[in-house]
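Keep in mind the model is a prediction, meaning the values are calculated, not measured. Throughout, protein chains are lettered first and strands after them, A, B, ... in sequence-line order, and every chain is numbered starting at 1.
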Amino acid sequence: MTLTAAERDSDGASSAPSHVVIDGTRERIRVRALDSGGRVLEDRLLPAVQLPTLVEGWEPFSPRWVWDTAARYPGLLAAGVRVERCHDLRLARGILRRAAATAERFAAIPVDGWDDLPAEQRTAPAALFGLEPEAAPADALTEFERQNAAVEAAPRPGALRLLLAAESAGALAAAEMWHAGLPWRADVHERILEQRLGPRVGDGVRPAVLERLLAEIREALTAPALNPDSPVELVKALRAAGLVVESTRSRELAALEHPAIPPLLEYKKLARLASANGWHWLDRWVEQGRFRPDYVVGGVVTGRWATRNGGAMQLPKQIRAAVTADAGWRLVVADAAQLEPRVLAGMAQDRSMAKAGHGRDLYDGIVATGAVADRTAAKYGMLGALYGATQGTGGRLVPRLAQRFPQSLGLVERAARIGEQGATVSTLLGRTSPPPSEQWRAAQRAATDLDADPVALRRARSLAREQGRFTRNFVVQGTAAEWALCWMAELRKRLWELGSGALHERPHLVYFLHDEVLVHTPEGVAEQAAQAVREAAVTAGRLLFGGFPIDFPLDVAVVDSYADA
DNA sequence: CCCAAAGGCCAC
DNA sequence: AAACGTGGCCTTTGGG
């Protein structure tokens with residue numbers, strides 16, 4: 001048996017670390033263990049290959065690992081080591097540098113290795129933040145202390161602490177989901193493709209069903225050489241056939257009456273399946289029964305996640321049947337019902353809206369108040385309010401909702417006004433929207449000139465409204481992302497406790513999509529996993545909104561295949 | 001030859 | 001039951 005670092009240490013209780021800061025290069029790392037007062041208990045250098053052993057030794061004390069999760073954690077997972085908590089220095093830097101509550105403290109800090117900027121922005125950081133050119137990354141402990149000081153000095157330190165903890169837990173979950181992979185049955189996927197497209201073909205070859213549809217389209221349009229994948233060619237061919245079209249979008253084409261239209265719409269649908277999620281996709285992204293999307297935590301300005309590789313956030317419903325639990329395992333599929341309007345009700349402390357959503361579908365509840373006629377109207381109206389609709393069905397319904405729910409609708413209206421004026425807004429936990437570009441400001445300045453021409457005025461007003469729609473949506477989408485992070489963080493903890501052994505032997509997260517999670521779980525604990533999902537949603541609601549009575553109901557299904565949820 | 005924009009469509 | 005928010009990624013197209 002090997003002794004843990006703590007057991008080897010003769011100091012006993014004083015050696016239990018509260019935080020462990022991991023710093024250094026790919027080859028050699030520096031480890032500093034801190035006690036709860038921030039004092040350094042231990043400071044040593046070691047080869048990076050020894051990190052798993054070191055982490056395993058300290059982890060029984062549940063320290064918060066202070067590090068760059070994306071750089072350190074995948075290697076640990078590969079070595080079979082899972083950690084409970086961390087503080088992601090890179091993600092925290094990104095949030096704190098932009099947050100209204102802390103930005104000032106980072107304004108003089110040069111853009112360095114803790115800033116996660118795309119390569120092209122690194123060459124010109126001054127344009128981004130008005131800062132000096134790139135500097136060497138600060139020492140991790142120095143950066144950690146700076147971040148802590150910034151949080152403590154903020155008007156609402158608790159909110160920022162929760163945000164950083166949730167974001168960091170998200171980073172752990174993202175690495176773990178990559179490690180575990182989404183169970184993917186290539187044979188099921190291939191059956192779907194064959195059914196819809198015909199037998200498998202090589203890259204660059206049109207599947208048989210597409211060839212057949214193509215022949216019909218060419219015939220109906222008398223365009224024997226038409227390539228329907230080219231919008232330019234297609235629009236010409238449609239016009240030559242006497243059809244009045246502005247574009248080749250399916251929505252527009254669907255309204256037309258012509259023999260070419262049905263096969264063309266079918267062709268577009270199947271061509272998309274073939275190119276986006278066809279055999280090429282399967283070969284490229286699915287390996288040994290797993291699809292491993294690369295989650296980019298906080299990759300969206302609002303705090304939502306992005307993904308790279310395989311388009312994981314656009315898995316079309318058509319192929320979800322391929323997502324199938326392993327033998328003896330089940331999938332728990334859960335999504336939050338009407339998440340964004342509920343989050344808005346919580347932020348606005350809107351008791352009327354909260355009551356409408358209490359114990360029932362929120363949109364049904366809105367109908368019950370008499371504000372609108374039916375559920376679809378309630379839904380389009382609320383989405384219109386969140387997106388800033390001014391026209392169409394949504395736009396017409398917004399005023400009616402504003403009358404019935406002045407608090408919620410007032411909150412998004414105010415956020416829009418702030419954006420229109422070029423200012424920033426923040427989420428409930430304190431993530432701040434990026435300010436508008438210098439171009440945007442120049443356009444607004446140009447419009448204030450006494451002799452501004454009408455074109456410049458129109459342009460400025462249009463840009464202002466656009467920025468208003470962005471900030472309007474930012475506060476709600478961003479706070480919903482915070483709810484989802486808290487949900488996932490709590491769920492991750494509960495799932496771990498439902499099993500024993502390695503991560504892949506216990507119930508674990510395998511997919512996350514804004515307001516939806518998939519858990520892969522041994523059959524025997526599937527119901528407990530489903531219950532954990534529900535309880536975690538309650539906890540997330542409390543973390544964000546305290547005692548305010550807003551529900552976050554879920555649709556939960558325990559299934560063999562994602563398509564059955 | 002590479003690369004970015006445009007058009008389009010998938011997800012929430 | 002749209003033209004209103006956030007994204008990724010495919011093909012075509014045209015510029016260097």
Side-chain angles (χ1 to χ4, degrees), chain A residues 120 203-204 206 227-235 245-255 264-265 267-278 280-281 284-285 293-296 298-320 335-341 343-344 363 372-398 412 415-416 419 425 433-434 462 465-481 484 511-517 562:
Chain A
E120 68 273 15
D203 283 2
R206 262 200 196 92
N227 174 11
D229 299 326
S230 163
V232 175
E233 275 190 46
L234 185 53
V235 116
V245 289
E246 286 303 311
S247 75
T248 66
R249 284 197 289 269
S250 293
R251 286 196 97 91
E252 189 183 341
L253 300 186
L264 181 53
L265 291 175
Y267 178 94
K268 281 160 102 36
K269 192 157 201 68
L270 293 175
R272 160 88 188 186
L273 174 65
S275 71
N277 298 101
H280 181 77
W281 182 93
R284 184 153 178 215
W285 301 118
D294 191 359
Y295 291 99
V296 186
V300 178
V301 281
T302 56
R304 272 188 176 183
W305 292 12
T307 62
R308 281 185 290 242
N309 302 340
M313 296 211 154
Q314 315 136 252
L315 291 180
K317 302 213 160 102
Q318 282 181 303
I319 59 161
R320 290 186 175 184
D335 72 287
Q338 308 97 40
L339 178 59
E340 291 192 352
V343 160
L344 174 58
Y363 299 135
V372 294
D374 57 38
R375 187 180 184 279
T376 313
K379 178 174 173 176
Y380 276 84
M382 280 310 299
L383 292 178
L386 298 178
Y387 294 161
T390 53
Q391 296 178 358
T393 314
R396 276 197 305 279
L397 290 162
V398 172
V412 286
V425 294
S433 64
S462 155
R465 278 195 299 264
E466 196 177 299
Q467 185 69 12
R469 287 194 298 273
F470 168 62
T471 50
R472 168 197 294 271
N473 190 250
F474 182 94
V475 291
V476 180
Q477 189 182 113
T479 306
Y511 187 62
F512 170 61
L513 185 57
H514 309 315
D515 62 355
E516 181 173 354
V517 296
Y562 192 11

Student: So do the side chains of A:Tyr295 and A:Met313 get within less than 4.5 Å of each other, counting heavy atoms only?
Tutor: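 In short, these two side chains touch, coming nearer than 4.5 Å.
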Student: Measure from CG on A:Asp229 to C1' on B:dG7 and round the result to the nearest Å.
Tutor: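 Going from CG in A:Asp229 over to C1' in B:dG7 covers 12 Å.
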Student: Are the side chains of A:Leu265 and A:Arg251 in contact, using a 4.5 Å heavy-atom criterion?
Tutor: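 Counting from C-beta outward, A:Arg251 and A:Leu265 never come under 4.5 Å.
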Student: Between A:Leu264 (CG) and B:dG8 (P), how many Å, whole number?
Tutor: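 Going from CG in A:Leu264 over to P in B:dG8 covers 12 Å.
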Student: Figure out the CH2/C1' separation between A:Trp305 and B:dA11, and round it to whole Å.
Tutor: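 After rounding, the gap between these two atoms is 16 Å.
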Student: Let's test your reading of the model: under 3.5 Å, does the base of B:dA11 pair with the side chain of A:Asp515 as donor and acceptor?
Tutor: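 No such pair is found, so the answer is no.
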Student: For A:Arg465, which contact category applies under a 4.0 Å heavy-atom criterion: base, sugar-phosphate, or nothing?
Tutor: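 Contact class for A:Arg465: none.
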Student: Looking at A:Arg469 and A:Gly388, what are the two nearest heavy atoms and their distance?
Tutor: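 Shortest heavy-atom contact: CD-O, 3.6 Å.
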Student: Nearest whole Å is fine: how far is C:dA1 C1' from A:Tyr363 OH?
Tutor: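 The distance from OH of A:Tyr363 to C1' of C:dA1 comes to 14 Å, rounded to the nearest Å.
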Student: Enter the inter-axis angle for the ends of the helix from B:dC1-C:dG16 to B:dC12-C:dG5 (five pairs per end, rounded to 10°).
Tutor: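 Angle reported: 10°, given to the nearest ten degrees.
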Student: The side chain of A:Leu513 is closest to which nucleotide in this list: B:dC9, C:dC10, B:dA11?
Tutor: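 Shortest atom-to-atom distance from the side chain points to B:dA11.
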Student: What's A:Leu339 touching, base or sugar-phosphate or nothing? Going by heavy atoms closer than 4.0 Å.
Tutor: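 Counting heavy atoms under 4.0 Å across all strands, no contact is made by A:Leu339.
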Student: Quick one: closest heavy-atom pair of A:Ser433 and A:Thr471, and the distance?
Tutor: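 Of all heavy-atom pairs spanning A:Ser433 and A:Thr471, the closest is OG-CG2, 4.2 Å.
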Student: Rounded off to whole Å, could you give me the CG-to-P distance for the A:Leu270 and B:dC9 pair?
Tutor: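 Spelled out: CG on A:Leu270 to P on B:dC9 is 13 Å.
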Student: Would one find a side-chain N or O of A:Thr248 under 4.0 angstrom from OP1 or OP2 of B:dG8?
Tutor: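 Answer is yes, contact under 4.0 Å.
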Student: Return the polar atom pairs (N/O with N/O) between nucleotides 5-8 of chain C and the protein under 3.5 Å, or none.
Tutor:
from	atom 1	to	atom 2	distance (Å)
C:dG5	OP1	A:Arg469	NE	2.6
C:dG5	OP1	A:Arg469	NH2	3.3
C:dG5	N2	A:Arg304	NH1	3.2
C:dT6	O4'	A:Gln477	NE2	3.2
C:dT6	O2	A:Arg304	NH1	3.4
C:dG8	O4'	A:Gln314	OE1	3.2
C:dG8	N2	A:Gln314	NE2	2.8
C:dG8	N3	A:Gln314	NE2	2.6

Student: Nearest whole angstrom, please: distance from the P of C:dA2 to the CD of A:Glu246.
Tutor: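 Nearest whole value for this atom pair: 19 Å.
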Student: Reckon A:Lys379 touches a base, only the sugar-phosphate, or nothing at all at heavy-atom distances under 4.0 Å?
Tutor: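 Since no nucleic acid heavy atom lies under 4.0 Å of A:Lys379, the category is nothing.
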Student: Please classify the nucleic acid contact of A:Thr376 as base, sugar-phosphate, or nothing, using heavy-atom distances under 4.0 Å.
Tutor: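 Answer is base: heavy atoms of A:Thr376 come under 4.0 Å of a base.
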Student: Hey, is A:Asp515 close enough to A:Arg304 for a salt bridge, meaning N to O under 4.0 Å?
Tutor: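 So A:Asp515 does not pair with A:Arg304 through a salt bridge.
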Student: Between A:Trp281 and A:Gly395, which is nearer to the 5' end of DNA chain C once each is assigned its nearest nucleotide?
Tutor: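 Looking at the nearest nucleotide for each, A:Gly395 comes out on the 5' side.
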Student: Please list each protein N or O that sits under 3.5 Å from an N or O in nucleotides 13-16 of chain C, with the distance.
Tutor:
from	atom 1	to	atom 2	distance (Å)
C:dT13	OP1	A:Ser230	OG	2.3

Student: Starting at CD of A:Glu516 and ending at C1' of B:dA11, how long is that distance when rounded to a whole Å?
Tutor: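 One finds 10 Å between C1' of B:dA11 and CD of A:Glu516, rounded.
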Student: Show the nearest heavy-atom pair for residues A:Ser250 and A:Lys268, with the distance to one decimal.
Tutor: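 Of all heavy-atom pairs spanning A:Ser250 and A:Lys268, the closest is OG-CE, 3.5 Å.
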Student: Work out which heavy atom in A:Ser247 is nearest to a heavy atom in A:Glu252; give both atom names and the distance.
Tutor: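 Result for this residue pair: OG-OE1, 2.7 Å.
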Student: If we only count heavy atoms from C-beta on, is the A:Leu513 to A:Leu315 side-chain gap below 4.5 Å?
Tutor: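 No, their side chains stay 4.5 Å or more apart.
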Student: When you measure from the side chain of A:Lys317, which nucleotide among B:dG7, B:dA11, C:dA1 comes out closest?
Tutor: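 Looking only at side-chain atoms, A:Lys317 lies closest to B:dA11.
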Student: Would you sort out whether A:Tyr267 and A:Arg206 count as a side chain to side chain donor-acceptor pair (under 3.5 Å), showing the intermediate values?
Tutor: CA-CA 11 Å; A:Tyr267 178 94; A:Arg206 262 200 196 92; 2.9 Å; yes
Student: For A:Leu234 and B:dC9, give me the distance from atom CG to atom P, rounded to whole Å.
Tutor: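 Whole-Å distance recorded here is 10 Å.
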Student: Can you tell me if A:Arg251 touches the phosphate of C:dA2, counting only side-chain N or O atoms and a distance under 4.0 Å to OP1 or OP2?
Tutor: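 Yes, within the criterion.
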